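For reference, the structure discussed in these notes is given below.
Quantities reported herein were computed from a predicted structural model and do not represent experimental measurements. Just so you know, ligand 1 is whichever comes first in the structure, and atom 1 is the first atom listed for that ligand.
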Amino acid sequence: MIDTKLIVGNWKMNNLLKDTIVLTSGLVEMVADIKGKQFKMVLCPPAVLIPEVHKIVENSDILVGGQNCHQEKSGAHTGSISAEMLKDAGCDYVIVGHSERRENDREISETVAQKAKTAHEAGLVAIICVGEQERERNSGHQNDVIAVQLDESIPKTANEKNTVIAYEPVWAIGTGKTASDDDIKDMHQFIRETLVEKMKNSNDVSILYGGSVKPMNAEEILHIPNVDGVLVGGASLKAKDFGDIASAC
Ligand code: PGA
């Protein structure tokens, strides 16, 4: 049973320095005002903004994460950022295998597993994303798809402390559509059961839901069994909205 919910904001390719300062300082204030916190907040800004975010949240309860890392530790990979660099810049988490990278950058699950392993070795918690396409859900194949993604994307180095799973149905990301409460409940239970074969203390692995989470639906989603937090895109770009989602824990 996981008592502390994880509230992760994925800014994607949004925000300049001035927006970052306003948003992050606003969140620091809001989080400080929330009494009896039952959540841990993680902000995942674009890589160049990580040092600034880290500086602003340093004396608060907010943590910082990257949105991606390279699968190799270092070397000739122009334009890429290593897990060790993220750690060095103040990150504790990194998202790997987001569906936008799986789709737009042709990232396959084996690469995602390598990225997660490199993240673990650098001392980061890897947030491994999985999710089915709309056609896969419509044809009833969502569990098969997720089982394969989990099997191929989780490296042997994974344990309950260094790994978080984020279930994000691809058709719910940025669309305003969310999976129904029953579908989320069934999928999260399925993921929990599947994790038993992959990890020793699988009951203690946080499983997040992502896909059009907003202040309006956050409370309901956060109270579904086996939902240990949320991965939020659009609604993490406004301090009030993201703060309200955290308050819904
Ligand atoms: P969304 O994005 O909240 O804008 O749907 C979620 C995500 O991509 O992680």
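- Near His98, meaning under 4.0 Å from one of its heavy atoms, ligand 1 places the atoms 7 (C), 8 (O), 9 (O).
- If you take CD1 on Ile191 and CE on Met187, they are separated by 6.0 Å, rounding to the nearest 0.5 Å.
- Proximity of Gly210 to ligand 1 is not established, as no heavy-atom distance is less than 4.0 Å.
- From the protein, the heavy atom lying nearest to atom 7 (C) of ligand 1 is Glu168 OE2, 3.1 Å.
- Interface atoms of ligand 1 facing Asn10, defined by a heavy-atom separation under 4.0 Å, are 9 (O).
- Protein heavy atom nearest atom 4 (O) of ligand 1, with residue, atom name and distance: Gly234 N, 2.9 Å.
- For the ligand labelled ligand 1, residue Lys12 lies inside the 4.0 Å heavy-atom shell.
- If you run side-chain contact (heavy atoms from CB on, under 4.5 Å) between Val130 and each of Arg102, Glu152, Glu168, only Arg102 comes through.
- Every atom of ligand 1 with a heavy atom of Gly211 under 4.0 Å away is listed here by number and element: 5 (O).
- The only option from Leu63, Ile62, Asp61 that meets the side-chain contact (heavy atoms from CB on, under 4.5 Å) definition with Lys40 turns out to be Leu63.
- Less than 4.0 angstrom separates some heavy atom of Ala172 from each of these atoms of ligand 1: 5 (O).
- With respect to atom 3 (O) of ligand 1, the closest heavy atom belonging to the protein is Gly233 N, 2.8 Å.
- For the atom pair Ile224 CD1 and Lys185 NZ, the distance stands at 9.0 Å (nearest 0.5 Å).
- The side chain to side chain contact (heavy atoms under 4.5 Å, CB included) check on Asp204 picks up Glu160, Asn201, with sequence neighbours excluded.
- No more than 12 heavy-atom neighbours from other residues, nucleotides or ligands sit within 6.0 angstrom of CD on Gln38.
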Let me see the working for Gln133 and Glu103 under side chain to side chain donor-acceptor pair (under 3.5 Å), right down to the final yes or no. CA-CA 11 Å; Gln133 301 282 345; Glu103 258 177 61; 3.2 Å; yes
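- If you number the atoms of ligand 1 from 1 as listed, the ones under 4.0 Å from a heavy atom of Gly174 come out as 1 (P), 4 (O), 5 (O).
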